[in-house]
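Because the structure is predicted, anything quoted here is derived from the model rather than measured. Computed over heavy atoms, backbone and side chain alike; hydrogens, waters and symmetry mates excluded.
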Amino acid sequence: MEQLSSKIYKKEFVDTFAGDDSGTLTPRQTPGVLYSKAKPTPVEKVTLLTWSDTLANELGIAKPTEQQDIDILGGNRVTDSMYPYAACYAGHQFGNWAGQLGDGRAITLGEWEAADGKTWELQLKGAGLTPYSRRADGRAVLRSSVREYLMSEAMHYLGVPTTRALSLVSTGEPVLRDMFYNGNAAYEPGAVVMRVAPSFLRFGNFEMLNARKEHDNLRQLVDWTISRYYPHITGEDKVIDWFKEVVDRTAKLMVEWMRVGFVHGVMNTDNMSILGLTIDYGPYSFVDNFDPNFTPNTTDLPGRRYAFGKQPSIGYWNLGALAGALLPLADKDKLVETLESFKDVYWTEYYAMMGRKLGLDQVSQLDRDLISQFEKTLTEIQPDMTIFFQLLIDLPLSVEGEEAVADHFKQALYDDLSAEQKTAFYTLISNYLERLNTNKIRRSDSQEMMRKANPRFVLRNYLLHQAIEGLEKGDDVLFVKLQEAIKEPYSDKFDEFFQTRPEWASQKAGCSMLSCSS
């Protein structure tokens, strides 16, 4: 295990590409470069709040005990081998071209090489102003930092591709924030998350270079990305072959989000990972009641572009924007053909995933119709998604009558069912049981498959809100308990959280919807 302060960091991205080495933090346009040097702005006092032992062990990083190592986690110390920078990228935000964006409150310190030879970018979120901060201050508050730290780790344990979080520190300084952009700004405690990924490259990095017609830089970035992260791809058509892998990874990521009920909330192209990772945790949420039209982002109203059920189509749209950025390097027809493959990949993976959630031995065309019936009926009834699928695992193979079905799933219901809803629910479950009885695998094997596909614990927004309120008052009991619960989302070990969203949380600020700044 190595100390953060004694490690010799790599900086291959910086060494490979053109950058602005001035270190000037004044927000500005930076044509011709892929990054700008950005040294973190020191804070009053860096205090370690929590540390991911699991991730640290994987990377070979010793838990910091000396202040000189803790200071690195908050930006108060930069070692000699580090080269702190903010990346330059662009993006489409809510479907509209936004031009240059860049790391407005994220600063990459360097690349940590683990014992297995893999390298990981160490990035501070909330460490101060960068040239891409525009009108913001580059800081982060405890509220948003707790959300990023816990959720990125929660997604990892759910088995969803994601960036990770190594540490969370407080800064000892207040930060002014207007949570809902409604003129009610208030000071909140400041914090910094150190997040970790093989790369934080986004679709927007490539869009920026194409938009500026920096085609040499674009080709260099594509070639470097392929050789570094997709080294198995070679040959004359490597740009198309690489784009195909990005399409496949993105499609599979969308399937995973749908499996666990995750809603990103702000699927702009600058928030889409070139490695198919979940990246940039802002106004996210898990769905409570099954509503494909649910968005956790107040900025996404009223259009609900990034609603739960629209995420796959937005993934496809965003890939289209990436394909457009690659036009100078590849044949248009091949790019279009590759983009269109998203649909087959997504639906094939989606139906296979739903088959596992439902415990089916295989998924036929008739089973696809059954899955569609599930989607339609659940949308009408809107039971709690997580609890519904848990109760489905233990459904008796024979349930007589509408009342018996409603009673079995009562724990998952937010509202009493109408007569029509009871009938539709009973019809669905009857059809499902009829299909289940044709399974060629044992019931116990079917149930085990379902337990692995359906989480029993998800990190709901109201739990996060309660944990954050506790931390702000100096009480970390719930925060510590949630850190343990996220590590075992498929077990019943934390069934104290196995309940529907409480009524008070439906309208309370920060429990159901948040803004992009969250």
Side-chain angles (χ1 to χ4, degrees), residues 4-5 7-43 59 71-91 99-113 119-134 136-140 148 163-167 192-209 212 214 217-218 220-222 224-225 228-229 270-271 273-275 277 279-280:
L4 286 164
S5 57
K7 178 76 169 182
I8 303 300
Y9 292 84
K10 289 191 167 186
K11 49 185 179 70
E12 293 187 6
F13 182 80
V14 167
D15 289 341
T16 302
F17 298 104
D20 180 345
D21 195 46
S22 69
T24 304
L25 299 181
T26 305
R28 62 193 183 279
Q29 294 290 309
T30 61
V33 302
L34 280 73
Y35 64 88
S36 295
K37 187 175 183 179
K39 191 173 181 180
T41 305
V43 295
L59 272 57
D71 279 344
I72 291 172
L73 302 175
N76 275 21
R77 183 170 184 227
V78 175
T79 69
D80 291 341
S81 66
M82 291 176 176
Y83 183 102
Y85 70 88
C88 178
Y89 49 80
Q100 176 183 291
L101 297 166
D103 287 329
R105 58 174 171 174
I107 296 174
T108 298
L109 296 179
E111 299 157 16
W112 178 284
E113 185 174 15
T119 58
W120 301 80
E121 292 182 15
L122 304 187
Q123 188 178 87
L124 300 181
K125 186 171 182 180
L129 198 68
T130 81
Y132 309 107
S133 296
R134 300 188 296 284
D137 58 11
R139 291 298 185 193
E148 170 123 13
T163 59
R164 301 286 302 276
L166 180 64
S167 65
V192 178
V193 172
M194 178 175 276
R195 55 185 189 177
V196 177
S199 173
F200 288 93
L201 281 173
R202 305 128 188 285
F203 292 8
N205 291 86
F206 302 86
E207 287 185 283
M208 182 78 272
L209 299 176
R212 287 178 169 164
E214 296 175 13
N217 280 340
L218 176 63
Q220 185 184 13
L221 181 60
V222 170
W224 185 81
T225 301
R228 187 174 175 88
Y229 303 110
D270 55 296
N271 293 335
S273 161
I274 207 70
L275 301 183
L277 307 174
I279 191 172
D280 287 344

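Taking the side chain as every heavy atom from C-beta outward, Y85 and K11 never approach each other to under 4.5 Å. In this structure the side chain of M82 never reaches within 4.5 angstrom of the side chain of P40, judged on heavy atoms. Inter-residue side-chain proximity for L209 and Q220 is flagged as unmet; no heavy-atom pair is nearer than 4.5 Å. For the pair L109 and P84, the minimum side-chain heavy-atom distance is below 4.5 Å. For the pair K125/R105, a side-chain contact is recorded, criterion being any heavy-atom separation below 4.5 Å from C-beta on. Two residues are said to be in side-chain contact when any heavy atoms from C-beta on lie closer than 4.5 Å; L201 and L221 meet this criterion. No side-chain heavy atom of R77 sits under 4.5 Å from any side-chain heavy atom of L4. Side chains of R202 and D280 form a contact here, defined as non-hydrogen atoms less than 4.5 Å apart.
Heavy-atom contacts from other residues, nucleotides or ligands closer than 6.0 Å to NZ of K39 number 12 or fewer. Counted within 6.0 Å of CG on D15, heavy atoms from surrounding residues, nucleotides or ligands total more than 12; the atom is thus considered enclosed.
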I'd like to know whether Y83 forms a side-chain contact (heavy atoms from CB on, under 4.5 Å) with D21, so could you lay out the CA-CA distance, the side-chain angles of the two residues, the decisive distance to 0.1 Å, and finally the verdict.
CA-CA 10 Å; Y83 183 102; D21 195 46; 2.5 Å; yes
Run the numbers on Y132 and L101 for side-chain contact (heavy atoms from CB on, under 4.5 Å), then give the verdict.
CA-CA 6 Å; Y132 309 107; L101 297 166; over 6 Å; no
Test log, rule side-chain contact (heavy atoms from CB on, under 4.5 Å), inputs I274 and N205:
CA-CA 9 Å; I274 207 70; N205 291 86; over 6 Å; no
Do S5 and I72 pass the side-chain contact (heavy atoms from CB on, under 4.5 Å) test, and can you show the C-alpha distance, the side-chain angles, and the key distance before you say yes or no?
CA-CA 8 Å; S5 57; I72 291 172; 4.0 Å; yes
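Under a 3.5 Å cut-off, the side chain of Y89 and the backbone N or O of G102 do form a donor-acceptor pair. Counting only distance, with no hydrogens or angles, the side chain of Q29 and the backbone of Q100 share no donor-acceptor pair below 3.5 Å. The closest donor-acceptor contact from the side chain of E214 to the backbone of G32 lies under 3.5 Å. A donor-acceptor pair is defined here as one N or O able to donate and one able to accept, closer than 3.5 Å; no such pair exists between the side chain of S273 and the backbone of I279. Here the side chain of R195 pairs no donor or acceptor atom with the backbone of R164 at under 3.5 angstrom. A side-chain donor-acceptor contact under 3.5 Å links N76 to the backbone of V43.
Summarising the geometry of L73 relative to S167, their closest heavy-atom pair is CD2-OG, 3.4 Å, with the distance given to 0.1 Å. Y229 approaches L275 most closely through the heavy-atom pair CB-CD2, 3.7 Å. Considering all non-hydrogen atoms of both residues, A106 and T130 come closest at O-CG2, 4.1 Å. Among all heavy-atom pairs drawn from V192 and G126, the shortest one is CG2-O, 3.5 Å. Taking both residues in full, the closest heavy atoms of P198 and L277 are given as CD-CD1, 4.3 Å, listed atom of the first, atom of the second, then distance. The heavy-atom pair separating C88 from R212 by the smallest distance is SG-NH1, 3.7 Å.
Here the CG-CG distance, from L218 to L34, works out to 9.5 Å after rounding to the nearest 0.5 Å. D103 CG to L124 CG: the interatomic distance, rounded to the nearest 0.5 Å, is 11.5 Å. Taking OG1 of T41 as the reference point, atom CD1 of I107 lies at 6.5 Å (rounded to 0.5 Å).
With sequence neighbours left out, the salt bridge (Lys or Arg N to Asp or Glu O under 4.0 Å) criterion links E111 to R228. Taking the salt bridge (Lys or Arg N to Asp or Glu O under 4.0 Å) definition, one finds that K10 meets it with E12, E113, sequence neighbours left out. Residues meeting the side chain to side chain contact (heavy atoms under 4.5 Å, CB included) test with A165, sequence neighbours left out: Y149, S152, E153, V193.
The aromatic rings of W112 and Y9 sit perpendicular to each other, their planes meeting at more than 60°, with 30° as the lower class boundary.
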